[in-house]
Amino acid sequence: MVTVSTIQNNQANYAVSSGSLSALTNSSLEQSFKAQNNKQQRNAENHSLSYYKNDIHKDELVKKNTLAKRIGINIEKTLDIPLIHFPRGLGGAPDYTFFEFLQTAKFPYYIGGPILAALFYAGVKKDNFRSAGAAQKVAKHMALGVGLYYVGAALAKSIINNTVKASRGVDLKQPYAKYISKSSKKSGAFQKDVEFHTAFESADFTRTDLLYNEKGRTPEEINENYIEYGKKYGIKGDANNIDSTIKPLIKKTIVMARAWQYALTAFFVTLGVGMANQPAWDKSSAEGFKKTVTEGIFGKGVAPKDRLHNAKVVVYDYMLKPFAKSFTEFWKGHSKGSSIAGKSVILATAAATLTAITLLLTKTSAKGHKLETTGNNNIKEGQK
């Protein structure tokens with residue numbers, strides 16, 4: 001009679017006879033399993049990005065939400081658009097997700113601006129020095145306008161994100177890894193097993209379930225994140241069912257924050273385009289900038305001290321200095337009409353920013369609202 005033993009590790013089962021059990025225990029297969037488990041454990045403990053990309057099989061918040069980690073996620077998500085999402089969509093993958101559809105919709109936004117600027121440079125006639133100079137001048141302002149468009153959009157989002165995080169503790173950029181089952185038969189060679197989303201993506205797709213501490217043993221430990229949010233929102237005392245109290249506040253915060261992000265983007269983009277058309281940028285040479293970067297920073301045989309100095313020159317002389325001067329020129333204007341327009345745009349942008357911050361601080365607060373202490377907590381605005 002043969003005795004059968006089963007060794008389980010991850011999702012693999014192996015049936016062996018009792019006579020060969022000792023040999024299998026010392027086999028390279030078991031060592032491989034141990035090495036894999038040790039690697040997974042180390043990645044989980046260090047919260048490395050590779051852990052979330054390869055080793056998880058459930059939706060999970062990305063721990064240690066650092067800038068470097070978010071940059072890595074954004075780079076990967078951007079590269080996935082042409083390398084994975086487009087091929088899967090064009091190939092008609094049956095498991096194509098709504099997230100992938102939204103990602104591909106960003107592609108024209110990413111490439112449209114640079115292509116527009118490049119078209120103006122492409123029209124420069126090299127055989128006519130005078131026309132070439134004028135065309136390059138226009139193309140340079142167009143390129144600056146495109147660049148400051150993206151800067152303005154990023155700045156508007158940053159102001160709102162930092163305001164919400166500082167005042168309410170809600171990190172609108174908090175990423176989480178969404179596990180996607182692989183389906184090689186449907187997806188062909190373009191497989192995927194994880195999507196990176198943000199926990200507060202929208203009011204309808206908020207992953208408040210991931211905010212619970214699944215390792216907690218008591219209600220206080222399980223709801224520790226919600227308790228911290230409660231302090232930020234101004235909830236005093238021990239509210240019953242703190243999570244039910246906080247969730248509608250978070251939803252309202254997300255709705256206001258997203259709306260103000262788009263509203264401020266319009267103001268900051270207008271400001272950026274106006275600054276891009278100022279004469280301050282004409283004094284900086286494109287050739288000088290290119291030479292300083294290619295030869296002074298990335299050139300061969302350049303001393304580290306000189307590379308650092310040239311990098312400072314690029315940042316200060318070619319970016320910060322003309323940026324500050326263009327702001328002043330936009331404010332003063334070059335005629336009565338342009339002066340009025342510049343001042344109006346700058347003042348409107350400042351007023352909109354102040355209004356956004358003020359409303360986010362006041363309208364999302366739980367102070368002055370009545371909190372029910374039995375059953376599900378609901379916030380009744382206007383009742384004290």
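Note that the numbering runs from 1 along the sequence shown for the chain.
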Hydrophobic cluster identity match, Ile159 and Val255, side-chain contacts under 4.5 Å: no
Test item: Phe196 and Arg70 side chains (from C-beta on) under 4.5 Å apart, heavy atoms: no
Validation row: Leu172, Lys165 side chains within 4.5 angstrom (heavy atoms): no
Any donor-acceptor N/O pair, Gln278 side chain to Gly274 backbone, under 3.5 Å: yes
Tyr109 to Ala153 - nearest heavy-atom pair and separation: OH-CB, 4.1 Å
Approximate separation, where rounding is to 0.5 Å, of Arg88 CZ and His85 NE2: 8.5 Å
Evaluation steps, side chain to side chain contact (heavy atoms under 4.5 Å, CB included), between Glu100 and Thr104: CA-CA 6 Å; Glu100 292 184 279; Thr104 55; 5.5 Å; no
Side chain to side chain contact (heavy atoms under 4.5 Å, CB included) partners of Val313, counting only residues at least two apart: His309, Asp317, Tyr318
Name of the residue among Thr198, Asn65, Leu210 meeting side-chain contact (heavy atoms from CB on, under 4.5 Å) with Gln174: Asn65
Co-membership, hydrophobic cluster, residues Phe267 and Leu271, 4.5 Å side-chain: no
Where Met256 and Leu360 come nearest, the two heavy atoms and their spacing: CB-CD2, 3.8 Å
Chi angles and distances behind the side chain to side chain contact (heavy atoms under 4.5 Å, CB included) call for Lys247, Tyr229: CA-CA 10 Å; Lys247 286 177 181 179; Tyr229 288 138; over 6 Å; no
Distance (rounded to the nearest 0.5 Å) between Ile254 CD1 and Leu249 CG: 11.0 Å
Plane angle bin for Phe99 and His197 - parallel if under 30°, tilted between 30 and 60°, otherwise perpendicular: tilted
Stepwise side chain to side chain contact (heavy atoms under 4.5 Å, CB included) check, Met275 with Leu144: CA-CA 9 Å; Met275 291 171 59; Leu144 287 169; over 6 Å; no
From Thr265 atom OG1 to Trp260 atom CH2, the distance as rounded to the nearest 0.5 Å: 11.5 Å
same_hphob_cluster(Tyr150, Tyr110) at 4.5 Å side-chain heavy-atom cutoff: yes
Heavy-atom side-chain proximity of Thr97 to Glu195 below 4.5 angstrom: yes
Backbone N/O of Ser202 and side chain of Arg258: donor-acceptor pair under 3.5 Å: no
CG-OG1 distance between Leu264 and Thr353, expressed to the nearest 0.5 angstrom: 5.0 Å
Under 3.5 Å donor-acceptor, Lys232 side chain and Ala166 backbone: yes
Ile73, Leu61, Asn74 screened by side-chain contact (heavy atoms from CB on, under 4.5 Å) with Pro175, the one that passes: Ile73
Tyr233 backbone acceptor or donor facing Arg168 side chain under 3.5 Å: no
Pairwise distance CD1(Ile246) to OG1(Thr208) - rounded to 0.5 angstrom: 11.5 Å
Sub-4.5 Å side-chain heavy-atom contact between Tyr316 and Lys321: yes
Cluster link Tyr176 to Val170, ILVMFWY, side chain under 4.5 Å: yes
For Ala105 against Pro108, the heavy-atom pair lying closest together: O-CD, 3.3 Å
Leu211 side, atom CG; Ile250 side, atom CD1 - distance, nearest 0.5 Å: 6.0 Å
Closest non-hydrogen atom pair between Ile222 and Arg217, with its separation: CG1-N, 4.5 Å
Closest non-hydrogen atom pair between Ala156 and Gln261, with its separation: CB-O, 3.9 Å
Donor-acceptor under 3.5 Å (Ser326 side chain, Phe323 main chain): yes
Joint hydrophobic cluster, Leu354 plus Phe268, side-chain heavy atoms closer than 4.5 Å: no
Electrostatic pair Lys178-Glu201, nearest N-O below 4.0 angstrom: no
Check: Lys363 main-chain N/O paired with Lys252 side-chain donor or acceptor under 3.5 Å: yes
Heavy-atom pair of closest approach, residues Gln103 and Ile81: O-CD1, 3.3 Å
Within residues 198-217 or reaching into it, pairs that qualify as ring pair (Phe, Tyr, Trp, His ring centres under 6.0 Å) - sequence neighbours excluded: Tyr212-Tyr226
Short side-chain to backbone donor-acceptor contact, Lys69 and Lys63, under 3.5 Å: yes
Residue pairs involving residues 335-347 (criterion side-chain hydrogen bond (donor to acceptor under 3.5 Å, both in side chains); sequence neighbours excluded): Ser335-Ser338, Ser339-Lys343
Sidechain-backbone polar pair: Ser158 side chain, Ala154 backbone, donor-acceptor under 3.5 Å: no
